[in-house]
Visitor: 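This is the structure I have questions about; it appears just below.
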Amino acid sequence: MDRKTLSTMAGPYIAVFDSGVGGLTVLAQLRKTFPKHSFLYLGDTARVPYGTKSPTMVIRYALESAWFLSRYPLDCLVIGCNTVSAVAITALKGAYPDLPILEVINPGAQEAVETTKNKRVLILGTEGTIASRAYQKAIHSLDAEIEVFGIACNLFVPLAEEGILDGPICKMIAQEYLQDALKKDIDTIVLGCTHYPLLRKVIQEIAGENIQIVDSAISLAKRLKTSFALSEQEKPRLRIFTTDLPHRFMKIASLFLEENIEEPTHIDLEAMFYAAERREI
Ligand code: DGL
C-alpha cells in the first residue's frame, strides 16, 4: 500500500491488533460501545500463536503491528492481546510516546477484583501471559489479599483459530486444563487471553454456573470511554488487515462480529516493516 492510499484514508481510527482472531472479541465489544467510530483491525495470522513465543519475539511482532497501524490517523491504539499487553507494553509506549495506547490486562484485573467475593481468582491465559505474572501484579496492586492462580491453556488458541468453539474436543481439553484448579474453591475465572471468550460457553459449562467469568473486553471498552477523546464519524468504517490469507479469518470474523465485513486486506507486515526501515517505502 503506497503513501497516497494511506493519506487519503478517512479517520481518525481506533486501531486494534492481536496475533489472530482473538482481538475480534475486543473489537466486537468496542464496535457495540462506539458505533459511530471507525476501526482498524490487524490480525497477525501468519505468526499466531504469540503465547508460546519468547518475549523478545512478541515485542518484535508487536512493534511491527504498531508501526503499521500508526501510519493511519489514530485516536488510540488498543492492544487486543493479553500476551502483548503482558510483555510488550513498555516497548510500545517507549516507541510511540505520543500515541494513546490501551492494554487489556489492567481492565481485566480491575473487573476480577470487583467480581470475586471469596478473593480466589483463576487466570486462564497463554504461556507467555501466565509466566509474566502480569495479572497477579495488576490484581495485587488493587487488593493484595486476593489469591491468584494461573493456568496456561495453549490449546485454546488453535481451537479458536480453527473455529472449533464447541463439542467434545473442546470439552475434553477444557476439562483437562480446569479440573485441578476447580478443586481450589475459586469463584472467578478471568479469560486472560482474547481468544478464550470464543470458547466461553464450554469454559462456563466445565466450571459450573456458580463461577463468574470475567472477559476483559467489556471493562476495556468502559475504560476507553473515559480515557481518551475519540472522534465520531459520519460514515464509520471498519478495515481489517491480516498477515496470512484471510478466508478462514473472514469466516470467524463474520460469525463473531455479527455484521457483514469488508474482505480483509492481506499485508506482508514483516517485509513492509523492514523495507520502511531501509526507507524503501
Ligand atoms: N489472543 C492473544 C492473547 O490474548 C494471543 C494468543 C496467542 O497468539 O497465543 O494472549
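In listed order, ligands and their atoms are each counted from 1.
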Visitor: Indicate, as side chain, backbone, both or neither, the part of D18 found under 4.0 angstrom from ligand 1 when only non-hydrogen atoms are considered.
Guide: side chain
Visitor: State yes or no: are the ring centers of Y41 and F17 separated by less than 6.0 Å?
Guide: no
Visitor: Between T194 and ligand 1, does any nitrogen or oxygen pair lie at a separation below 3.5 Å?
Guide: yes
Visitor: For ligand 1, which atoms sit closer than 4.0 Å to a heavy atom of P49?
Guide: 7 (C), 8 (O), 9 (O)
Visitor: Which of the atoms in ligand 1, numbered in the order shown and given with their element, are less than 4.0 Å from a heavy-atom of S19?
Guide: 5 (C), 6 (C), 7 (C), 8 (O)
Visitor: F156 vs Y177 aromatic rings, parallel, tilted or perpendicular, using cut-offs 30° and 60°?
Guide: perpendicular
Visitor: Rounded to the nearest 0.5 Å, what separation is found between the CG atom of L199 and the SG atom of C153?
Guide: 9.5 Å
Visitor: Below 4.0 angstrom from a heavy atom of G51, which ligand 1 atoms are there? Numbered from 1 as shown, please.
Guide: 7 (C), 8 (O), 9 (O)
Visitor: Hey, what's the ring geometry for W67 with F273, parallel, tilted or perpendicular (30° and 60° as the breaks)?
Guide: perpendicular
Visitor: Looking at E234 and K36, does any basic side-chain N land under 4.0 Å from a carboxylate oxygen?
Guide: no
Visitor: If the cut-off is 4.0 Å to any non-hydrogen atom of V48, which atoms of ligand 1 fall inside it?
Guide: 8 (O)
Visitor: What atoms in ligand 1 come closer than 4.0 Å to a heavy atom of T126?
Guide: 6 (C), 9 (O), 10 (O)
Visitor: Exactly one of D143, T188, D187 should register a side-chain hydrogen bond (donor to acceptor under 3.5 Å, both in side chains) with K119. Which one does?
Guide: D143
Visitor: Identify the protein heavy atom lying closest to atom 7 (C) of ligand 1, giving its residue, its atom name and the separation to 0.1 Å.
Guide: Y50 N, 3.3 Å
Visitor: Is it true that E262 and R237 make a salt bridge, defined as a side-chain N closer than 4.0 Å to a carboxylate O?
Guide: yes
Visitor: Among all protein non-hydrogen atoms, which one is nearest to atom 1 (N) of ligand 1, and what is the separation to 0.1 Å?
Guide: H195 ND1, 2.7 Å
Visitor: For atom 10 (O) of ligand 1, what is the nearest protein heavy atom, given as residue, atom name and distance?
Guide: T83 OG1, 2.6 Å
